[in-house]
Amino acid sequence: MSRYFTEEHEWVEVEGKVATVGITEYAQEQLGDVVFVDVPAEGKQFDKGDEAAVVESVKAASDVYSPVSGTIVEGNDVLADEPALVNTDPEGDGWFFKLELSDPSELDGLMDEAGYKKFVAGL
Amino acid sequence: MTDFIAEMMERLPDRLLPLDAWHRERGGRMVPFAGYQMPVQYEGVMAEHLWTRENAGLFDVSHMGQVLLTGDAPDVALESVVPGEIQKLGVNRMRYSVLLNDEGGILDDLMVTRRERDLYLVVNGACKYDDLAHMREVFPDEVVITLLDERALFALQGPRAGEALASLIPDVASLYFMQAGAFTFDGMSLWISRSGYTGEDGFEISVDCDHAAQLADRLCALESVKPIGLGARDSLRLEAGLPLYGHDLDETVSPTEGDLAFSISKRRRSEGGFAGAERILEELAEGVDRKRVGLMVEGRQPVREGAELYVGDRMVGKVTSGGFAPTLGAPIAMGLVKAAFIDMGTVLEAEVRGKRIPVTVAPMPFVPHRYHRAKAV
């Protein structure tokens with residue numbers, strides 16, 4: 001298993017052909033209290049960079065982009081009732097969706113944890 | 001996630017609040033607002049909102065314009081551009097009003113207090129220079145307009161605000177809602193009114209900039225008081241059903257459309273003689289084409305400013321501000337809606353990202369006001 005990060009503050013955890021996607025600790029901190037999350041339904045297909053989910057905090061609405069191309073195998077339905085999980089456990093139980101990778105080579109363009117930390121420090 | 005964070009990272013404008021360092025020391029996250037860098041939150045909007053509803057919150061609203069009108073008959077001059085009764089406003093009494101253009105649209109909303117020697121106005125930060133220019137243009141030369149830009153302004157709001165401020169300045173206990181007076185405390189000269197924009201009891205306190213940190217420190221040393229950011233100020237005023245200028249009100253919206261007919265005093269209704277009176281008096285008699293209403297939102301997804309409101313295929317209005325109401329645990333909104341669809345209980349649909357979300361026209365305030373009013377005699 002390995003974890004990748006994007007400049008859009010998403011994390012991608014890959015196990016076999018399936019990637020789990022969420023937003024980072026830094027992103028939830030910037031967003032503030034999350035009050036609503038809309039996750040994609042099973043079977044939806046996304047290209048890398050497509051709007052895949054919506055996260056709304058008290059302050060603002062933001063899109064979550066699919067960091068890689070693929071087909072949704074599961075959305076995290078728990079977030080409908082407990083959107084605050086995105087604040088309390090963004091890189092764990094607060095995951096957004098899982099998708100089956102259509103082009104695993106896209107992962108090569110993403111950052112590793114050390115690279116992301118450096119990226120955030122430079123913001 | 002890019003859009004939101006990019007917005008937060010936008011180059012900040014240069015104007016700093018007198019208490020800029022004070023906010024940063026307390027973890028305030030500064031964002032651009034009304035031409036200033038202002039604290040949007042300290043520990044989090046939700047926690048700060050709920051704290052203010054249960055205790056007392058200190059808001060730095062020094063971006064707002066504090067304006068003095070002196071000289072010859074400033075009340076008569078002001079009445080030419082606001083629809084409220086100003087000439088008979090008692091000393092140390094205040095009134096909410098709106099600054100009108102000749103078409104009856106609202107240029108700004110403001111508080112007017114008659115003091116012994118002047119009229120003291122508090123206007124919105126984003127509008128203050130335009131307001132000054134407009135008043136200079138329409139007022140006679142004998143009226144002197146002074147921006148008090150050496151004074152800071154705080155709002156102390158919440159059910160424990162009265163007890164908190166009286167523990168430092170016992171005499172403020174004598175003020176009721178929309179009354180004001182001069183007080184001294186710890187060597188500072190303060191102008192304090194019992195007013196605010198959260199729906200709670202509370203005060204607005206004007207202090208010279210050199211003493212602003214001293215006053216803020218004394219207040220925040222109290223166990224019931226915490227500093228509160230702009231984010232919670234917005235969600236509190238939304239729950240209280242109070243309009244935000246530039247969003248719920250603008251220069252096309254009349255006070256009648258803005259559901260602010262209460263600000264048009266009885267004498268002024270019969271006499272007219274204020275900017276835009278023709279339109280506004282006609283709307284009072286004949287009704288309006290559209291009106292600002294409250295909207296309860298089904299489900300959990302917030303419906304925000306700009307969302308279009310529909311009945312079937314017909315667009316009947318727009319959301320002017322909306323968000324999540326922490327006190328209610330549900331999204332709420334305000335919108336300008338065509339008059340045929342403003343009856344309480346009318347169900348409309350808001351379009352959000354291509355989806356239709358049912359919203360119901362609802363009475364405001366969403367959360368009851370708890371002002372410290374003088375008892376009826």
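Keep in mind that the numbers below use all heavy atoms, side chains included, and drop hydrogens, waters and symmetry copies. Sequence lines set the chain letters: A, B, ... in the order given, protein chains first and strands last, and positions in each chain run from 1.
Heavy-atom distances place no part of Asn87(A) under 4.5 Å from chain B, backbone and side chain included. When heavy atoms are compared at a cutoff of 4.5 Å, Ala53(A) does not approach chain B at all.
Checked options Glu48(B), Met46(B), His49(B); the residue passing with Asp33(A) is Met46(B) (criterion: side-chain contact (heavy atoms from CB on, under 4.5 Å)).
Distance alone, capped at 3.5 Å, places no donor-acceptor pair between the Arg300(B) side chain and the Val37(A) backbone.
No salt bridge links Arg353(B) with Asp38(A); every basic N to acidic carboxylate O contact stays at or beyond 4.0 Å.
Residues Arg29(B) and Gln30(A) share a closest heavy-atom pair of NH1-O, 3.1 Å.
Of the listed residues (Ala325(B), Ala232(B), Pro302(B), Gly44(B)), the one with the most heavy-atom contacts under 4.5 Å to chain A is Pro302(B).
Around the NZ atom of Lys318(B), the shell of radius 6.0 Å holds no more than 12 heavy atoms that belong to other residues, nucleotides or ligands.
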